Amino acid sequence: MWSTLASTPPARAGHYGTVLVDVEARRPVDLLPDREGSSPAAWLADRPGVEVVCRDREPSFAEGATASAPQAVQVADRWHLWHNLSEATERSVAQHRRCLCALVPTVPVPPPPPAPAPEPEAVPAADSHGSSRPRGHRFAYRTRDRHAAVHALLAAGHSRRSVQRQLGMTYRTVKQLAGAAMPEGLFTGQWQNRPSVLDDCKPYLDDRWSEGCTNAWKLWEENVPLGYQGSYQRVRAYLRDRRTSPQPVTARPPTPRTVAGWILRRPDTFTDPEQLQLKGVWTHCPEIDVLTSHVRSFATMLTARLPDWLDAVRQDDLPSLHTLAAGIGRDRDAVIAGLTQPWNSGAMEGHVNRTKMLKRQMYGRAGFSLLRKRLLLAS
């Protein structure tokens, strides 16, 4: 009897089951209510005739099969091996995203023309009826009105104390207004840029923006551990200004997922532009060049070369591949069987999809026992 173990999500999110499939008959033989290693182990213990267990690389499945069916040959599915490698490849490329930005030539941005120094006459004058005043100039209009009122009373012969009582101002304010010949002299220091809590984080935001990260919430979360104590709205406003300001039109660098796709593809399927871009990535980032050689050697790897491939990966500075190599090392026998045996988990995938369809039909109206009966009796 040949058995396949695979996990599948049930009707409600957060709970998982295990489908067991006879890969010779290509039909399910049982459905377990969870994906803990103890459930497949108990199922296998009652069936000592199992000769091959084709499974994914879930550690609990490996432990359960080893404990309850030590006589069975465990086969790690080749598709899951390649899927694990693709995830590790994308993580490795993402760690070198700065090298991808170097592929796009920088366009020199001309410096903005210097802003003219504000002149007193540039402050808006008061209108005659006090209507249709532009927003943002309330300080200027209020200062002009108060300056005129103070000087009118002083010209009529009132003292500064008298002006203070009549206008309800402090003596310091009356003295300041009375000492200014023109109200424009009081505008000095207004509308100046004030220091912001975001100033120290702006270089980091600019670097991440140039790397292609434009999500304000993500950048705010990245800045909080760096000491930023301001609000998310400040980060969003700063990036909104960057987004709406005119920028030179330049080509976008390839994303880590795009580069990972190039590395994982067969070399004979590349177009000429893709081949040139990948060569440019290798030139600017030797680590990605080494990563490509490891991925392609894995794709053509034979059983005898598996230890050599693991040793070669450990010698390079590729942490994501180190994690994959460590997992393969722990599961080496099953991986070798997956590369040499004709068995795989392909027969299980269709039954997993059919199980999901049955769960959607039953959502909220039945439990696990009915789902199990429908899956087994409809096969």
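Scope of the values below: all heavy atoms of this structure, side chains included, with no hydrogens, waters or symmetry mates. Just so it is clear, the model here is predicted, and its values are computed rather than measured.
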To the nearest 0.5 Å, what is the distance between [atom1] on [X] and [atom2] on [Y]?
X: Leu167; Y: Leu177; atom1: CG; atom2: CG; result: 9.0 Å
X: Ser320; Y: Glu87; atom1: OG; atom2: CD; result: 10.5 Å
X: His294; Y: Thr89; atom1: NE2; atom2: OG1; result: 11.0 Å
X: Lys279; Y: Asp289; atom1: NZ; atom2: CG; result: 11.5 Å
X: Gln176; Y: His147; atom1: CD; atom2: NE2; result: 10.0 Å
X: Met357; Y: Leu375; atom1: CE; atom2: CG; result: 10.0 Å

Decide yes or no on side chain to side chain contact (heavy atoms under 4.5 Å, CB included) for Leu278 and Leu276, but give the supporting numbers first.
CA-CA 5 Å; Leu278 184 56; Leu276 292 175; over 6 Å; no
Linked, directly or transitively: [X] and [Y] (ILVMFWY side chains, under 4.5 Å):
X: Val335; Y: Trp79; value: no
X: Leu226; Y: Leu219; value: no
X: Tyr171; Y: Val163; value: no
X: Val197; Y: Tyr204; value: no
X: Leu153; Y: Met182; value: no

Show your working on side-chain hydrogen bond (donor to acceptor under 3.5 Å, both in side chains) between Tyr238 and Asp206 and close with a plain yes or no.
CA-CA 10 Å; Tyr238 179 72; Asp206 294 339; 2.8 Å; yes
Between [X] and [Y], what is the shortest heavy-atom contact and its length?
X: Leu324; Y: Trp309; answer: CD2-CH2, 4.4 Å
X: Trp43; Y: Arg47; answer: O-NH1, 3.1 Å
X: His322; Y: Val313; answer: NE2-O, 3.1 Å
X: Leu318; Y: Glu287; answer: CD2-O, 3.9 Å
X: Ala178; Y: Leu154; answer: CB-CD1, 3.6 Å
X: Cys201; Y: Tyr228; answer: SG-CB, 3.6 Å

Check: [Y] and [X] side chains under 4.5 Å, non-hydrogen atoms:
X: Arg296; Y: Arg265; result: no
X: Gln71; Y: Glu51; result: no
X: Pro254; Y: Trp262; result: yes
X: Leu85; Y: Leu321; result: yes
X: Asp317; Y: Val290; result: no
X: Val235; Y: Asn223; result: no
X: Leu376; Y: Pro28; result: yes
X: Val295; Y: Leu264; result: yes

Under a 3.5 Å distance rule, please check whether His80 uses its side chain to pair with a backbone N or O of Ala76 as donor and acceptor.
no
Intermediate values then yes/no, side-chain hydrogen bond (donor to acceptor under 3.5 Å, both in side chains), Thr258 and Thr255
CA-CA 5 Å; Thr258 300; Thr255 63; 2.8 Å; yes
Does [atom1] belonging to [X] count more than 12 external heavy atoms closer than 6.0 Å?
X: Asp200; atom1: CG; value: no
X: Lys202; atom1: NZ; value: yes
X: Arg234; atom1: CZ; value: no
X: Asp207; atom1: CG; value: yes
X: Gln229; atom1: CD; value: no

With a 4.0 Å cut-off on N to O distance, would you call Asp311 and Arg314 a salt bridge?
yes
Let me see the working for Leu198 and Leu205 under side chain to side chain contact (heavy atoms under 4.5 Å, CB included), right down to the final yes or no.
CA-CA 10 Å; Leu198 193 62; Leu205 293 176; 3.9 Å; yes
Could you tell me whether the side chains of [X] and [Y] share a donor-acceptor contact shorter than 3.5 Å?
X: Gln164; Y: Arg161; value: yes
X: Thr214; Y: Trp209; value: no
X: Ser86; Y: Glu90; value: no
X: Thr173; Y: Thr170; value: yes

Any chance you could lay out the side chain to side chain contact (heavy atoms under 4.5 Å, CB included) test for Val53 and Val73, step after step, and finish with the verdict?
CA-CA 6 Å; Val53 176; Val73 176; over 6 Å; no
Decide yes or no on side-chain hydrogen bond (donor to acceptor under 3.5 Å, both in side chains) for Gln275 and Thr271, but give the supporting numbers first.
CA-CA 6 Å; Gln275 185 68 36; Thr271 62; over 6 Å; no
Evaluation steps, side chain to side chain contact (heavy atoms under 4.5 Å, CB included), between Arg97 and Arg208:
CA-CA 10 Å; Arg97 60 167 59 91; Arg208 295 289 284 123; 4.2 Å; yes
